[in-house]
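All remarks here apply to the structure that follows.
Predicted model only: the values in this text are computed from it and were never measured. The figures that follow rest on heavy atoms only: side chains count, while hydrogens, waters and symmetry mates do not.
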Amino acid sequence: MSAPIERYGLCPTTCNEAQQGDGMLPEAFTALAAAGGAAVVQAAGTDAWEGLRNRLAQWFGRGDPERERGELERLDRSAADLADADPGTTERIRSRQESVWQTRIETLLEGLDDDEQRAQATDALKRLLEEAAPAASGEIGLVSGNTFNGDTAVQAGNRNQQYVRFDPQS
């Protein structure tokens with residue numbers, strides 16, 4: 001299990017148990033779907049958005065261009081809702097969008113015909129989320145792929161150099 005997936009809430013135990021017996025455990029569905037919902041919300045409005053948006057639409061489309069276009073439209077509406085949120089409603093809208101995408105992912109996974117299809121879809125989604133998460137670059141204090149609401153202070157340093165930025169307009 002890689003660190004990027006863990007940051008979205010997947011734990012190694014859940015992922016290791018994901019393909020036992022007659023299918024996935026409900027907890028594994030939920031963990032993977034929650035990671036997908038969190039990824040959508042975290043990527044919206046960032047440089048990572050286009051890549052995640054396109055790959056997730058392909059994942060949902062499952063080879064059907066019409067379904068893929070529909071998912072692109074849904075993802076764009078979600079990104080617009082997040083971008084247009086008033087400061088007083090941002091957290092509610094973020095939470096709602098995470099839930100919407102978690103439910104959509106769970107529904108797709110549960111609706112697959114057999115365990116082999118489900119295993120392929122979950123593996124593809126795990127890879128998609130791992131690739132969408134910012135890669136660890138080895139730099140000390142790297143801050144990447146975060147969404148900040150309200151006043152924000154980010155501090156990062158490298159050896160004897162330190163850069164501090166206070167920006168109330170995050």
Side-chain angles (χ1 to χ4, degrees), residues 1-11 14-15 18 28-112 118 120-137 139 141-154 156 165-170:
M1 177 52 49
S2 69
I5 280 291
E6 289 172 347
R7 82 174 253 230
Y8 290 125
L10 285 176
C11 68
T14 302
C15 293
F29 275 140
T30 302
L32 186 59
V40 168
V41 169
Q42 289 179 7
T46 70
D47 292 340
W49 176 245
E50 284 301 314
L52 177 69
R53 171 191 174 268
N54 292 331
R55 297 222 29 232
L56 195 57
Q58 288 173 347
W59 184 83
F60 272 107
R62 318 237 355 113
D64 181 340
E66 179 100 10
R67 274 196 304 209
E68 189 175 325
R69 276 191 296 278
E71 294 304 327
L72 287 169
E73 291 172 10
R74 284 181 190 90
L75 286 159
D76 288 342
R77 282 194 304 267
S78 291
D81 286 350
L82 290 162
D84 295 341
D86 294 325
T89 62
T90 300
E91 280 307 309
R92 183 178 55 82
I93 291 173
R94 287 177 58 80
S95 178
R96 180 179 179 276
Q97 288 299 327
E98 280 189 32
S99 295
V100 164
W101 287 102
Q102 176 179 342
T103 300
R104 291 190 58 69
I105 293 167
E106 286 174 341
T107 301
L108 185 142
L109 292 173
E110 290 169 350
L112 294 174
R118 204 168 288 118
Q120 290 173 351
T122 57
D123 288 344
L125 183 58
K126 284 182 214 176
R127 280 191 309 275
L128 185 158
L129 295 175
E130 288 170 352
E131 291 169 9
S137 67
E139 292 181 23
L142 177 66
V143 178
S144 176
N146 295 291
T147 302
F148 300 98
N149 299 307
D151 293 342
T152 303
V154 176
R165 178 179 178 164
F166 293 95
D167 189 356
Q169 298 177 355
S170 49

Sub-3.5 Å donor-acceptor pair from the side chain of Ser95 to the main-chain atoms of Glu91, do we have one? no
Are Trp49 and Asp76 packed together at the side-chain level, in the sense that at least one heavy-atom pair is separated by less than 4.5 angstrom? yes
If you define the side chain from C-beta out and look only at heavy atoms, does anything of Leu108 sit under 4.5 Å from Trp59? yes
Restricting to non-hydrogen atoms, name the atom on Ala39 and the atom on Leu52 that form the minimum distance, rounded to 0.1 Å. O-CD2, 3.3 Å
Are more than 12 heavy atoms, taken from residues, nucleotides or ligands other than Arg55, located less than 6.0 Å from that residue's CZ atom? yes
Could you tell me whether the side chain of Arg104 reaches within less than 4.5 Å of the side chain of Leu56, counting heavy atoms only? no
Rounded to the nearest 0.5 Å, how far apart are CD of Gln97 and CZ of Arg77? 10.0 Å
Reported CD-to-CG distance for the pair Gln42 and Leu82, which is rounded to 0.5 angstrom: 11.5 Å
Are Arg127 and Glu130 close enough for a salt bridge, meaning some N to O gap below 4.0 Å? no
In a check of salt bridge (Lys or Arg N to Asp or Glu O under 4.0 Å) between Arg69 and each of Glu66, Glu71, Glu73, which one passes? Glu66
In this structure, CG of Leu32 is separated from CG of Leu125 (nearest 0.5 Å) by 4.0 Å
Taking Trp101 for the side chain and Gly36 for the main chain, is one N or O donor matched with an acceptor at less than 3.5 Å? no
When rounded to the nearest 0.5 Å, the distance separating OG1 of Thr89 from CZ of Arg94 is 12.0 Å
How long is the span from the OG1 atom in Thr107 to the CD atom in Gln102, to the nearest 0.5 Å? 10.0 Å
